[in-house]
Amino acid sequence: MEDFQKFDNRRLERQARWLRELRSWRNARVQPVPDWTFVGNDGVERRVTIGDRWPSVDTPVTLTATAHIPDSWAGQPVELELWLGGEGFVRLTPGHQEGLNPFHHDFRITNSAAGGEAIAVGAEVVPKGMFGSHVHAPGVDRAMLTVPHYEVRALETDLKMLVQAAEQLKDHEIFPRLLDLVDDAYRELAPFWPTSTEIAKVRYISGDSAGGAHHNLGLGDYGRPGFEGTLVLSGIWHIPPPDGQFEPLSGEAIAATGRARETIAAGLDRLKTMYPPIGKILLTGHAHIDLAWLWPVAETRRKVRRTFSSVLRLMDDYGDFTFNQSSAQAYAW
């Protein structure tokens, strides 16, 4: 029994690594938004680009840029991925505004681009991350237009939920069955997935700059430094730059992604029959925001505005989405 447990634990570790590879395909195309204008408390405009640290660490700062959708992206969905050094409030010229935080940094611009559009981006940003933790040396870490691989993102979510459930249920008899289901999904992908190709190396080595890995955005002093799934290289060695272009998945691979999701859905149906639910859980979206904790009241108001803007956008997208907030003062503001 102990040997089986060790084997399954190794399987779980391997599946977590597979997830990182899958994540590197979350975008079909990427286009950097390199040029930004930074304004701190002194009101002086300064030019910054991707990778630059803020010229001054103030609360808040404003960052503005103009993103240009390539002509070749006509007819494609387009999003904007950002991490600008802290939590923020983002406005886009299509007329919507949303909060920017470690778990909300993809902003949909259009479901079908005309090609050639100029998108004005404005962000009010504070050097704070999770639970008010301070972000040392905040900077423009991530700024790019993307054509999403929505099928890959959906499969990644399915698999991530299975892997996380398995991590919590290691002592339950369902544990190996969840791992089997992840393996079944990957068997659907394997014949068509471009593993060990030059394109895969381009995506994996490019990592964060190419929209592949999700880093531990904005965790500040509360979290771990570095990027999830991104290679951290010391100063004494480096990986040669990849030789190839950032290309989307083939039609065969996209179709296999859909079949993998169908395999997961069918497998979950079987597991629900084997392990019927006991009781009922009701879920609602919720935000607990301390009115004054590790930030001044002025920052609380900004946090509430960011949160409510994101929630209103989710309500527009999902008619059955329900949200509650625990402080009457937030509603009064």
Side-chain angles (χ1 to χ4, degrees), residues 39-41 43 54 56-64 79-109 120-136 138 141-142 153 157 160-161 164-165 168 214-224 277-333:
V39 179
N41 288 345
W54 291 4
S56 61
V57 181
D58 301 318
T59 303
V61 305
T62 60
L63 285 150
T64 56
E79 293 188 353
L80 175 69
E81 287 192 17
L82 293 176
W83 185 250
L84 301 176
E87 294 192 351
F89 186 62
V90 176
R91 293 186 175 93
L92 304 174
T93 47
H96 62 260
Q97 56 192 34
E98 295 180 66
L100 168 66
N101 63 55
F103 301 101
H104 189 90
H105 43 82
D106 300 305
F107 304 94
R108 187 174 67 252
I109 293 175
V121 184
E124 174 192 78
V125 188
V126 298
K128 297 290 184 181
M130 287 290 292
F131 309 113
S133 58
H134 184 64
V135 177
H136 288 289
D141 294 316
R142 188 181 189 89
R153 294 188 185 189
T157 298
K160 183 168 63 177
M161 294 301 100
Q164 290 180 353
Q168 299 301 317
H214 268 309
H215 46 326
N216 296 315
L217 297 169
L219 294 178
D221 295 339
Y222 185 84
R224 298 170 297 161
I278 301 172
K280 181 181 292 186
I281 297 176
L282 301 179
L283 302 177
T284 178
H286 170 69
H288 169 81
I289 300 174
D290 291 299
L291 297 188
W293 183 43
L294 297 178
W295 48 72
V297 173
E299 176 58 14
T300 308
R301 295 173 69 101
R302 286 191 288 265
K303 289 182 75 71
V304 170
R305 179 181 61 174
R306 297 193 294 261
T307 299
F308 281 15
S309 295
S310 298
V311 166
L312 289 170
R313 183 60 184 266
L314 289 170
M315 287 179 171
D316 288 340
D317 290 344
Y318 304 99
D320 59 348
F321 178 72
T322 301
F323 172 82
N324 74 76
Q325 210 282 334
S326 55
S327 174
Q329 181 61 56
Y331 290 109
W333 285 336

Strictly by salt bridge (Lys or Arg N to Asp or Glu O under 4.0 Å), give each pair with a member in residues 289-300 just once, sequence neighbours left out. E299-R302, E299-R306
As a quick check of understanding, evaluate side chain to side chain contact (heavy atoms under 4.5 Å, CB included) for H96 and R108, giving each step before the final call. CA-CA 9 Å; H96 62 260; R108 187 174 67 252; 5.7 Å; no
Using the rule side chain to side chain contact (heavy atoms under 4.5 Å, CB included), only one of L63, L100, L84 pairs with V90; which is it? L100
Quick one: list whatever passes ring-ring contact (aromatic ring centres under 6.0 Å, His included) with Y318, sequence neighbours left out. none
Looking only at heavy atoms, which two atoms of E87 and G129 are closest? And how far apart? OE2-O, 3.5 Å
Salt bridge (charged side-chain N to carboxylate O under 4.0 Å, His left out) with E79: which residues, sequence neighbours excluded? R153
Measure the spacing between CG of N101 and NZ of K303 and express it to the nearest 0.5 Å. 8.0 Å
My understanding is that only residues two or more places apart in sequence, or in another chain, count here; which of them pass side chain to side chain donor-acceptor pair (under 3.5 Å) with D320? none
Minimum heavy-atom separation for N41 to P60, with atom names? OD1-O, 3.6 Å
To the nearest 0.5 Å, what is the distance between CD (Q329) and OG1 (T300)? 10.0 Å
How long is the straight-line distance from OG1 of T284 back to CG of N324, given to the nearest 0.5 Å? 4.5 Å
Sequence neighbours excluded, which residues qualify as side-chain contact (heavy atoms from CB on, under 4.5 Å) partners of R91? F89, Q97, R305
Would you please classify the geometry between the F308 ring and the F323 ring as parallel, tilted or perpendicular, with 30° and 60° separating the classes? perpendicular
Which heavy-atom pair separates T64 from G122 by the least distance, and what is that distance? CG2-CA, 4.1 Å
Residues at least two apart in sequence or cross-chain that pass salt bridge (charged side-chain N to carboxylate O under 4.0 Å, His left out) with R301, listed by chain then number, are none
Minimal heavy-atom distance between V61 and D58, with the atoms involved, is CG1-O, 3.6 Å
Lys/Arg cation over aromatic W295: K128, 6.0 Å, 45° cone: no
Please report the shortest heavy-atom distance between V125 and G86, naming the atom on each side. CG1-O, 3.5 Å
